[in-house]
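Worksheet: the structure to be examined is printed underneath.
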2 protein chains.
Amino acid sequence: MVNKVKFDREKVIKKAGILFWQKGFSATSTRDLQTTVDMRPGSIYAAFGSKEGLYSEALKNYAEQLKTLLATHLSSSASILEGLHSFVQAVLEDSEPGCEICMLIKANAEFDYSQPLLKNLTNDLLQQFECYLTDIFDTAQKQNELATNHAPLEYARLFQIQFTGLRSYMHRSQSNTISNELVNMMFKLIKDF
Amino acid sequence: MVNKVKFDREKVIKKAGILFWQKGFSATSTRDLQTTVDMRPGSIYAAFGSKEGLYSEALKNYAEQLKTLLATHLSSSASILEGLHSFVQAVLEDSEPGCEICMLIKANAEFDYSQPLLKNLTNDLLQQFECYLTDIFDTAQKQNELATNHAPLEYARLFQIQFTGLRSYMHRSQSNTISNELVNMMFKLIKDF
DNA sequence: GTTGTTTTTGAGCACTCGCTCAAGTTAAAA
DNA sequence: TTTTAACTTGAGCGAGTGCTCAAAAACAAC
C-alpha cells in the first residue's frame, strides 16, 4: 500500500452521527457535514459513497453503542433490573442538548418508503434491539427477578414503549427531578406488570 | 370587497397537513405542496406567508382536531376511562399510512432552536394537550374512577408517554392484534397506577 | 532524487430549493 | 359596458443542494 487515509474513520462517523442525530437526515446538508468532520466532499464520497451511506454508518454505530452501553450497565449491576434502571438513567442524564430522543426512534419517525434503504435499516436495527431486550427479560425471568405471567417479548415491548415515550417527553421538558420520577415510575410499572 | 378567494382555506390546510405529517417539515418541498393543494406559489404565499406559516396552520389544526376527537369520545362514553380507551383505539385504527406517529410528537422530534418559531409552537401545543389531559384525569378522580395516590398531572404524563411510545411502536410494526394488546396493557397500567 | 500509486482538494456542475412579482383573470360596483 | 380592486398565474431569481472530477499533494518503494 502506497498511501493511507489521513482521517480516523470511527471519529468521523461519530461526529457526523451527532450532527445527524441533532438535525435529522434531510435537514443536515453535506456542507454542514464537511465542516463538522473537517473533510472535503471528495474524501467523504470516496469513503462513504453518499450522504445516505454516511448516515447508515452513523446509525449502525449508534445502535452498536447503545447495545454496548446497556451491556456495560448489566454486567456492572447486581441484578438485571438494576442494570436496566441505571442504563435508562445514564442515557437520560448524559444526553447532549438536542439528542434527548433516541436516534433510532427519530429515524423511525423520519423515513417512509420513499427512502427504502434507510427505512429498512432503521427497522432492522430496532428489531435487533427488541430481540436483545427480549433475551434480557427472558434471563431475568429465569433468575426469578420478574413475574412470568407475561412473555419476555411483552416485557421488551413495554420497555421500548416507555423508553421511547419517556425520552420524547424529556426532550420537551428537561428537568432532572421529573426525569428521575418518571424513570422510577417506569420500573415500578415493569415490576408490577 | 371586490373579489373573493377561490380556494377552501380549511381544506388546503388539511391537505397540506397530511403531507407535512407524512414527510416532515424539511423533507416537504414547496412544489410537493403546490401539487397536493392545487395552488400556484403566488396564491400560497399570499395566503400563508411562507412554508413555515402554512406548516404552523397545519399543526395548530392537527392539535385542534386531536382535542376535538378526544372530546367526542369522552362525551359519547359511559366513563372517562372508557372514553380515553376508545379514543386511543380510534387514533391507532384510523391512522393513514405514514401517519401512525402523532404529528405533534414528530414535530417535537424534528425541530431544534434553529427553528424557534416552530419549536415554540410545538412546545405550546404539547403543553396545552397536557393541561387538557390533566383536567380530564382530575375529573376522573373526582368521579371516583381513578385512585388518588397520584396527582392528575402524573396520570397525564403516564398517558402521554404511553401514547407516544405506543404510536411510535405501531409505526414500525403495524398489526391490529398487537395494537389491541398494547392498548389494553396501557389502560391496565393506568388503572393499576 | 525519481517513480508510481493513493488520497486530498476545492472549483464548480446540474439541479432543486423557497419564494417573488409582473402580467393575466375575475367579478362586484358604477 | 366600463372601471377598479382583488385574486391567480407561472416564469424565473438567487441561493443552496448532493455530488463529481481533474489537478495537486502525500508518501512508500526503488
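First the proteins, then the strands, lettered A, B, ... as listed; each starts at 1. Fair warning: this is a prediction, and the values are worked out from it, not measured in the lab.
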For this session: Would you mind reading off the distance between E52(B) atom CD and dC19(C) atom P, rounded to a whole angstrom?
Result: 8 Å
For this session: For S29(A), answer base if it contacts any base atom (sugar-phosphate contacts may also be present), sugar-phosphate if it contacts only those atoms, and nothing otherwise; contact means non-hydrogen atoms under 4.0 Å.
Result: sugar-phosphate
Exercise. How many Å lie between CG on L19(B) and P on dG18(C), as a whole number?
Worked result: 11 Å
For this session: Provide, to the nearest angstrom, the distance between the CD1 atom belonging to I44(B) and the P atom belonging to dC17(C).
Result: 13 Å
Seminar exercise, completed: Comparing nearest nucleotides in DNA chain C, the 5'-proximal residue of the pair S43(B), K51(B) is K51(B)
For this session: For the pair R157(B) and L133(B), evaluate side-chain contact (heavy atoms from CB on, under 4.5 Å) and give the outcome as yes or no after the intermediate values.
Result: CA-CA 9 Å; R157(B) 283 186 183 138; L133(B) 283 171; over 6 Å; no
Problem set entry | 5'-most by nearest nucleotide on DNA chain D - F25(A) or G42(A) | F25(A)
Problem set entry | R40(A) side chain, from C-beta outward: closest of dC19(C), dA11(C), dT9(C) | dT9(C)
Exercise. Taking NZ, NE, NH1 and NH2 as the nitrogens, is one of them in E10(A) or K14(A) under 4.0 Å from a carboxylate oxygen of the other?
Worked result: yes
Exercise. Hey, does the side-chain of R31(A) have a donor or acceptor N/O within less than 3.5 Å of a partner on the base of dG18(D)?
Worked result: yes
Exercise. Which whole-number value in Å describes the distance from Q115(B) CD to dG18(C) P?
Worked result: 12 Å
For this session: Any chance you could measure F129(A), atom CZ, to L70(A), atom CG, to the nearest 0.5 Å?
Result: 5.5 Å
Exercise. What do you reckon, is NZ of K15(A) surrounded by more than 12 foreign heavy atoms closer than 6.0 Å?
Worked result: no
Problem set entry | Atom-pair distance (CD on Q34(B); P on dG18(C)), nearest Å | 9 Å
Exercise. Hey, does T28(A) reach any base, or is it just sugar-phosphate, or nothing, if we go heavy atoms under 4.0 Å?
Worked result: sugar-phosphate
Problem set entry | Side-chain N,O (Y45(A)) to OP1/OP2 (dT20(D)) below 4.0 Å | no
